[in-house]
There are 2 protein chains.
Amino acid sequence: MTPDLDRLFQALGDPTRRAIVDRLAESPTSVSRLAEPLGVTVTAIAQHLQVLEQCGVVRTEKVGRVRTASLVPDGLTPVERWARDRRSMLEKRLDRLAEILGEEG
Amino acid sequence: MTPDLDRLFQALGDPTRRAIVDRLAESPTSVSRLAEPLGVTVTAIAQHLQVLEQCGVVRTEKVGRVRTASLVPDGLTPVERWARDRRSMLEKRLDRLAEILGEEG
DNA sequence: ACAATAGTGAAGTCATGGCTTGACTGTTTG
DNA sequence: CAAACAGTCAAGCCATGACTTCACTATTGT
C-alpha cells in the first residue's frame, strides 16, 4: 500500500540522505561537491541520489561530465501532508473528548 | 546527527507501522486488535509498538493483561516541521531567482 | 595526445530490520 | 481450580541497505 510513502519515508530515514537534501535546499550541487563534506565515496552519493530521485525528492541532470542535483519543488509535500493529516485527525478527536468531559464536569 | 529524526523517519518508512499509526489516529487500540487486520503476529505488533514508542509517536499502557496503545499528540510534528522548513527554504530561493530573471527579462 | 577530473558499474562485505516460532508469564472467566 | 486469553521473551531466518573497492568510460584543460 502506498509504496510512494514507503520509499519516501525510508529514503529520509537515512542521515546522509537528509544531509544531501539540506545541502540541496541551499543550492543545486554536483555529485563530488556533495560527497566532500559527508565523508563518503562519490559512489555512495550517486546511489543516494538515485534513491532520492526515485521517490521524487531530487532531480538530476548531467551536462558534460558533471551531474548536478537539485530539489524537486513539491518533493517533500507528501510527507508534510501525511503528518499534518494524522495530527489534525488526532486533535479533532481529543477536542471532542475534552468537550464531552467538560460537559459532565 | 539528529538521531531523533533518523528513528522517526525510519519508523514511518514501514507500511505496517504507518498502518498502526492510522488505526491509532481513530482510537486507542490493544495489541491484538491491531494485529488482526494487518496479517502479522501479535509479537510483530509488539515490536513495532516498541519502535514507535521509542521515537515518541506512540504511548502505551498496560492495564490487567491488555496493553493499549495511543498516539502521542505531537509525535509527528518533527516530521512535519522538517519537511515544511526545507520546502519554504527552497521556495524562497526559487522566488529570488524568479525575481532576478524577471528584472533582466 | 596526455593527464587530470567527474562520474558509472559490478561485485562483495557487514550490519540491521521485519518477521516467525515456541516456550512462558500473568490475568480473567466458567 | 482449569482453561482460555493477552501479551512477552529469546532465538533465529532471510532480505535489504549502506558502503566500499576496483576497473572502466566520458569529458575537459594543457
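Per chain, numbering begins at 1; letters A, B, ... match sequence-line order.
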Completion exercise
The residue, B:T43 or B:V51, whose nearest nucleotide of DNA chain C is more 5′ is B:V51

Exercise for the section: Could you tell me whether the side chain of B:T60 reaches within less than 4.5 Å of the side chain of B:L52, counting heavy atoms only? Expected result: no

Practice task
May I have the distance from A:E61 (atom CD) to C:dA6 (atom C1'), rounded to whole angstrom?
Solution key: 16 Å

Practice task
Would you indicate whether A:R23, at its atom CZ, is surrounded by more than 12 heavy atoms from other residues, nucleotides or ligands within a distance under 6.0 Å?
Solution key: yes

Exercise for the section: Kindly check if the number of other-residue, nucleotide or ligand heavy atoms within 6.0 Å of CD (B:Q50) is above 12? Expected result: no

Fill in the blank from the handout: Which of D:dT20, C:dG18, C:dG7 is nearest the side chain of A:V31? It is C:dG7

Practice task
Give A:T16 one of three labels, base, sugar-phosphate or nothing, depending on what nucleic acid heavy atoms sit under 4.0 Å from its own.
Solution key: sugar-phosphate

Exercise for the section: Select from A:T41 and B:K62 the residue whose nearest nucleotide in DNA chain D is closer to the 5' end of that strand. Expected result: B:K62

Practice task
Between A:Q10 and B:V66, name the one whose nearest nucleotide on DNA chain D is closer to the 5' end.
Solution key: B:V66

Completion exercise
Between CZ of A:R65 and C1' of D:dG29 the distance, given in whole Å, is 8 Å

Fill in the blank from the handout: Result for side chain to side chain contact (heavy atoms under 4.5 Å, CB included) between B:R86 and one of A:V57, A:L12, A:L24, A:L76 points to A:L76

Exercise for the section: Using a heavy-atom cut-off of under 4.0 Å over every strand shown, decide if A:S32 touches base, sugar-phosphate, or nothing. Expected result: sugar-phosphate

Practice task
Mind calculating the distance between CZ (B:R18) and P (C:dG18) to the nearest angstrom?
Solution key: 12 Å

Practice task
Please work out if A:S30 contacts a base, only the sugar-phosphate, or nothing of the nucleic acid, heavy-atom cut-off 4.0 Å.
Solution key: sugar-phosphate

Exercise for the section: Calculate the interatomic distance between B:R67 atom CZ and C:dG26 atom P; express it in whole Å. Expected result: 14 Å

Exercise for the section: Quickly work out the A:L34 CG to C:dA6 P distance and round it to whole Å. Expected result: 13 Å

Fill in the blank from the handout: To the nearest angstrom, the CD-P distance between A:Q47 and C:dG9 comes to 11 Å

Problem - Candidate nucleotides D:dA6, C:dA6, D:dC19, ranked by approach to the side chain of A:H48 - the nearest - result: D:dC19

Practice task
Could you tell me whether B:R33 contacts a base, only the sugar-phosphate backbone, or nothing, with contacts defined as non-hydrogen atoms closer than 4.0 Å?
Solution key: nothing

Exercise for the section: Could you tell me the separation between the CG atom of B:L49 and the P atom of D:dA6, rounded to a whole number of Å? Expected result: 16 Å

Handout entry: Between C:dG7 (C1') and A:Q50 (CD): distance, integer Å
Key = 12 Å

Problem - A:R17 side chain near D:dA18 phosphate (N/O to OP1/OP2, under 4.0 Å) - result: yes

Practice task
On the 0 to 90° scale, with breaks at 30° and 60°, tag the A:F9-B:F9 ring pair as parallel, tilted or perpendicular.
Solution key: tilted

